[in-house]
Amino acid sequence: MNYLDELNASQLAAVEQIDGALMVIAGAGSGKTRVLTYRIAFMIENGIDPFNILALTFTNKAAREMTERIGKIVGPSEAKNITMGTFHSVFSRILRFNADRLGYPTNFTIYDTQDSKSLLKDIIKELNLDDKAYKPSSVLGRISSAKNNLISADMYAQNEEILFEDKQAKRPLISTIYKTYENRCRKAGAMDFDDLLFQTHVLLRDFPEVLAYYQHKFQFILVDEYQDTNYAQYLIVKKLAATNENICVVGDDAQSIYSFRGANIQNILNFKVDYPDFKLFKLEQNYRSTKNIVEAANSIISKNKDQIKKTVWTDNNDGAKITVIRTLTDNEEGKIIGGKIFDAKQSTSISFNDIAVLYRTNRQSRAFEEALRKFNIPYKIYGGISFYQRKEIKDLLAYFRLTTNPSDEEALKRILNYPRRGIGKTTEENLIIAANNNSVSIWEVLINLDQYGLNFNKGVRDKLYEFVTMIRSFQAQLHSLNAFQLAETIAKSSGILKELKEEKDKGPEEVERFQNIEELLSGIQEFVNSSEEVKTLSDFLLDVALLTDADEDKNEGRNHVTLMTIHSSKGLEFPYVFIVGMEENLFPSQMALNSRTELEEERRLFYVALTRAKESCTLSYAASRFIWGQLISSEPSRFIDEIDGRFLHFDSPPRGQGRSLGMGINRGERPFSGGLNRTMGSPKLTSMNDLKGSSNANGNSSYMVGQNVQHERFGKGKITKLEGIGNDQKATVFFPHHGIKNLIVRFANLQILEED
DNA sequence: ATCAAGGCTTTTTTT
DNA sequence: AAGCCTTGAT
């Protein structure tokens with residue numbers, strides 16, 4: 001039982017409390033995972049059957065790692081029997097098992113966000129609604145938050161308050177769209193992400209025998225990251241725990257960062273009400289970070305009003321101060337951080353794995369990607385467009401989906417004419433209209449064209465028939481071939497492989513696409529080999545829908561710098577952390593400036609970012625950055641000001657080179673004078689005179705579209721268009737403060753701003 | 001039915 | 001800057 005010796009008093013207390021309701025408030029870096037792991041191991045060693053344990057984690061990866069660690073204590077075969085995973089993946093398995101009760105096919109499809117939006121777009125069009133007022137993403141947002149609050153389409157249509165809100169927002173027909181969307185998903189045998197929660201709740205609500213079964217099965221329940229659960233998750237857990245009331249929730253209100261997808265801190269407060277006899281454990285000692293980092297983080301989070309009192313402290317060394325770097329542009333930010341990483345790697349014995357660059361929005365990754373590539377530093381970007389969201393992968397997966405669930409409309413729409421087989425838009429529209437009018441799936445129409453009164457000409461009929469025959473031939477092999485064999489067959493006979501092979505010599509992107517398909521196929525091969533049971537393509541799809549980048553650990557062993565959003569860094573730690581883009585309107589996000597609660601969530605997000613760092617943390621911001629192709633100037637984030645100045649060190653890198661001194665070297669501390677140095681350095685100007693004679697082959701000057709230029713009167717601008725040559729050359733220039741101007745180049749005396 | 005070109009919009013975070 | 005959509009030519 002020596003593993004218990006690794007725990008401090010409060011950790012041990014939480015581990016040894018097996019029965020009843022308990023809440024563990026775990027500060028950042030306080031050994032939360034260790035407590036969860038050891039607690040489960042302890043339970044099993046004390047005679048609790050792993051089959052009776054349900055552990056809900058935040059990522060699949062966390063679940064895998066925990067299973068492994070528990071396996072080391074109690075043996076892997078025991079650990080394997082614990083039901084552990086994300087809400088979504090655990091529930092999707094339960095739903096597969098009970099699909100028929102809810103009127104879904106066992107092989108129901110899981111629509112991802114892209115599928116949902118595409119369907120909504122169609123519906124909005126079919127209903128003849130203004131697609132400016134009804135944007136698929138905002139409509140999906142409405143529907144999603146309704147589902148997360150267990151409001152069905154019918155309830156939505158009857159809820160005065162919601163209808164009023166929609167009316168106010170000039171989108172009174174969302175309830176109609178919701179209803180249609182629900183019908184269409186059902187007809188397609190598809191659940192979206194939110195349905196996985198919503199339908200699980202329906203299952204447990206309407207089928208007492210199912211509820212009783214799972215209540216009996218899951219006698220002990222653990223929920224990680226409880227602060228990020230939404231109402232649906234809360235209620236499901238509550239129902240499951242109702243008979244035994246052995247429930248342990250772990251969380252940290254200071255790290256609640258998912259309210260945009262319905263997470264509700266209220267759930268933590270409700271816990272007291274639901275389980276009045278609950279025991280509370282607080283883990284306050286931080287084992288992860290230096291004193292500087294812990295205290296800087298504390299000074300930040302103390303600015304929030306909404307919080308549960310706790311004092312996070314550490315015994316670790318003081319460590320280095322937090323470095324603050326200012327750069328001119330977003331590109332320079334990339335170069336300087338890249339240079340810091342390069343230098344750090346040269347001078348110390350750190351590994352690239354020890355380094356993370358964290359940002360608020362995915363699109364910021366680009367500058368760092370480019371810079372790191374130039375420095376020849378290996379990196380991996382998490383999030384953004386994940387492997388499974390790539391077009392070529394989704395295309396092939398759509399074939400798989402249609403094979404296992406022919407009702408899947410989104411899959412069908414995707415591949416009906418891909419690779420190109422002469423089935424055009426008109427044909428597709430007619431099919432969809434017929435399907436809608438008769439309230440059946442498109443596939444149903446497709447296999448009975450006559451029955452639905454579609455009079456296509458012979459050419460079209462033949463092509464459709466050919467398509468149907470192909471899909472049917474795949475379906476016929478669903479059970480005779482394993483997942484890999486069938487996947488390979490489909491990749492070949494669908495023509496996808498051929499198509500991509502032919503495009504391969506077009507460029508590196510095309511090569512990559514082909515390689516991605518190969519990678520997917522070998523992934524399926526691995527999936528088949530990983531088990532003694534025969535794995536079918538349906539089995540594979542079941543697994544794949546809920547995988548994310550964070551879950552794939554193929555590159556785990558490789559040595560690379562990590563690039564990710566702060567959101568996806570939750571739960572991780574790195575010795576060296578760079579938090580970049582510390583600018584107003586970016587972090588905190590512009591979208592979050594409307595209310596205190598939103599701003600506080602951004603602040604918690606910053607708290608999460610800071611507390612990822614073990615030894616060193618560097619903040620950076622750019623004086624201006626390109627946003628939608630325009631150079632916008634920006635101010636340093638208020639969050640920098642909010643950190644107690646004692647913990648900061650301001651570093652002004654030398655201009656020009658984009659490289660700077662080593663990471664650990666402190667160069668004369670600049671006092672924190674009047675907030676931050678907000679004056680912008682002026683970019684270097686290159687006078688046109690210097691460029692005389694450097695005209696290009698057309699006899700034109702060196703102006704180019706996209707160039708940033710300086711005008712005497714209008715200031716900085718960007719060339720958006722060039723017309724004519726020589727003396728007649730005209731330039732269209734966008735000036736942020738003066739709008740678009742058409743200028744005659746000869747007179748305008750535009751000075752080119754040097755790219756950095 | 002297909003393809004290229006040009007215009008228009010994009011405005012966070014994720015299962 | 002990039003992706004999506006419409007348009008117009010073939």
Side-chain angles (χ1 to χ4, degrees), chain A residues 56-61 85-92 110-118 121 125 131-132 135-138 140-141 144 147-148 191-198 225 228-230 232-233 256-263 330-331 358-364 366-367 370 382-386 388-389 391 417-428 457 459-460 463 545-551 564-570 581 585-594 598 601-602 604-606 608-609 625-632 705-706 718 720-721:
Chain A
L56 296 163
T57 59
F58 198 67
T59 62
N60 291 308
K61 188 179 163 198
T86 62
F87 276 91
H88 291 265
S89 70
V90 169
F91 292 175
S92 74
I110 297 172
Y111 275 177
D112 67 11
T113 308
Q114 224 181 94
D115 296 319
S116 298
K117 282 186 189 165
S118 151
K121 207 177 133 196
K125 206 169 148 197
D131 60 356
K132 295 249 168 16
K135 298 245 161 77
S137 48
S138 56
L140 181 61
S144 173
K147 283 186 186 167
N148 286 156
M191 295 202 199
D192 67 14
F193 284 136
D194 303 310
D195 284 328
L196 296 178
L197 307 180
F198 186 90
E225 307 285 7
D228 285 324
T229 53
N230 60 36
Q233 291 167 326
S256 159
I257 55 175
Y258 280 100
S259 72
F260 70 90
R261 71 173 198 216
D330 45 354
N331 287 329
L358 307 180
Y359 35 77
R360 178 65 178 81
T361 65
N362 278 305
R363 65 157 177 257
Q364 289 167 256
R366 183 165 231 182
E370 281 169 18
Y382 291 82
I385 300 143
S386 82
Y388 294 102
Q389 283 169 358
K391 185 192 172 301
N417 194 33
Y418 180 82
R420 217 152 286 122
R421 49 174 73 87
I423 302 173
K425 223 174 157 185
T426 328
T427 310
E428 182 191 315
N457 63 41
V460 174
K463 286 170 192 160
L546 299 169
L547 274 187
T548 66
D549 254 20
D551 293 324
M564 56 170 55
T565 62
I566 301 169
H567 279 90
S568 37
S569 76
K570 193 164 81 151
N585 296 328
L586 180 60
F587 192 22
S589 161
Q590 195 174 11
M591 316 302 295
L593 300 178
N594 306 314
E598 282 175 296
E601 175 145 322
E602 293 285 305
R604 290 193 296 270
L605 192 56
F606 185 44
V608 168
R625 110 177 11 250
F626 275 99
I627 296 173
W628 308 306
Q630 282 184 45
L631 195 66
I632 305 291
V705 170
K718 186 190 188 75
T720 56
K721 199 172 162 192

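Predicted, not measured: the structure shown is a model, and the values here were computed from it. Below, chains carry the letters A, B, ... as their sequence lines are ordered, and counting in each starts from 1.
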Polar atoms only, N or O, under 3.5 Å: list the protein pairs with nucleotides 2-4 of chain C and their distances.
residue	atom	partner	partner atom	Å
dA2(C)	OP1	Arg366(A)	NH1	2.9
dA2(C)	OP1	Arg366(A)	NH2	2.5

Take the protein atom CG of Asp131(A) and the nucleotide atom P of dC8(B), then report the distance between them rounded to whole Å.
15 Å
Would you say a side-chain N or O of Thr426(A) is under 4.0 Å from OP1 or OP2 of dA1(B)?
yes
Which of dT9(B), dT15(B), dT13(B) is nearest the side chain of Thr361(A)? It is dT13(B)
Nearest of dT2(B), dT14(B), dT15(B) to any side-chain atom of His567(A)?
dT14(B)
dT2(B) OP1/OP2 closer than 4.0 Å to side-chain N/O of Asn417(A):
yes
Please report the closest heavy-atom contact between Val608(A) and Ser569(A), naming both atoms and the distance.
CG1-OG, 4.4 Å
Which value, in whole Å, describes the distance between the C1' atoms of nucleotides dT13(B) and dC4(C)?
23 Å
Ala263(A): side chain to side chain contact (heavy atoms under 4.5 Å, CB included) partners, not counting sequence neighbours
Asp228(A), Tyr258(A)
Mind checking what makes salt bridge (Lys or Arg N to Asp or Glu O under 4.0 Å) contact with Lys391(A), not counting sequence neighbours?
Asp395(A)
Here the pair of heavy atoms bringing Asp112(A) nearest to Phe193(A) is CA-CE1, 3.9 Å
In whole angstroms, how far is the C1' atom of dT14(B) from the CD atom of Gln233(A)?
12 Å
Lys135(A) side chain near dT10(B) phosphate (N/O to OP1/OP2, under 4.0 Å)
yes
Of all the nucleotides listed (dA1(C), dT14(B), dT15(B)), which has the minimum atom distance to the side chain of Phe260(A)?
dT14(B)
What is the distance from CG of Leu140(A) to C1' of dT15(B), rounded to the nearest Å?
12 Å
Decide, yes or no, whether a salt bridge links Lys425(A) with Glu428(A) under the criterion of side-chain N to carboxylate O below 4.0 Å.
no
Write down the distance between CD1 (Ile110(A)) and P (dT14(B)), rounded to a whole number of angstrom.
19 Å
Excluding sequence neighbours, so at least two apart, what forms side chain to side chain contact (heavy atoms under 4.5 Å, CB included) with Ala367(A)?
Asn331(A)
In whole Å, I'd like the distance from the CD atom of Gln630(A) to the P atom of dT10(B).
14 Å
Find the distance Lys570(A):NZ to dT15(B):C1' and express it as a whole number of Å.
12 Å
Is Arg363(A) touching bases, backbone alone, or none of the nucleic acid, heavy atoms closer than 4.0 Å?
nothing
Apply side-chain hydrogen bond (donor to acceptor under 3.5 Å, both in side chains) to Ser118(A) and list each qualifying residue two or more places apart in sequence or on a separate chain.
Glu410(A)
Which nucleotide in the list dC3(B), dT13(B), dA1(B) gets nearest to the side chain of Thr565(A)?
dT13(B)
Mind checking Thr113(A) for me? I need base, sugar-phosphate or nothing, with any heavy atom below 4.0 Å counting as a touch.
base
Can you name the side chain to side chain contact (heavy atoms under 4.5 Å, CB included) partners of Asp192(A), sequence neighbours left out?
Tyr111(A), Ser116(A), Lys147(A), Tyr181(A), Asp194(A), Asp195(A)
Please compare Glu598(A) and Lys463(A) by the position of their nearest nucleotide in DNA chain B and report the one closer to 5'.
Lys463(A)
Does Arg421(A) make a side-chain N or O approach to OP1 or OP2 of dA1(B) shorter than 4.0 Å?
no
Side-chain atoms of Tyr258(A) come closest, of dT14(B), dT11(B), dT15(B), to dT14(B)
Round to the nearest Å and state the distance from Glu602(A) atom CD to dT13(B) atom P.
11 Å
For Arg625(A) and dT11(B), what is the distance between atoms CZ and P respectively, to the nearest whole Å?
17 Å
Quick one: label Ser589(A) by what it contacts on the DNA or RNA (base, sugar-phosphate, nothing), any heavy atom closer than 4.0 Å.
base
dT14(B) phosphate, OP1 or OP2, under 4.0 Å from Asn362(A) side-chain N/O:
yes
So, for Ser89(A) and Leu546(A), which heavy atoms are closest and what is the spacing to 0.1 Å?
CA-CD1, 3.5 Å
How would you label the contact of Asp194(A) with the nucleic acid (heavy atoms, under 4.0 Å): base, sugar-phosphate, or nothing?
nothing
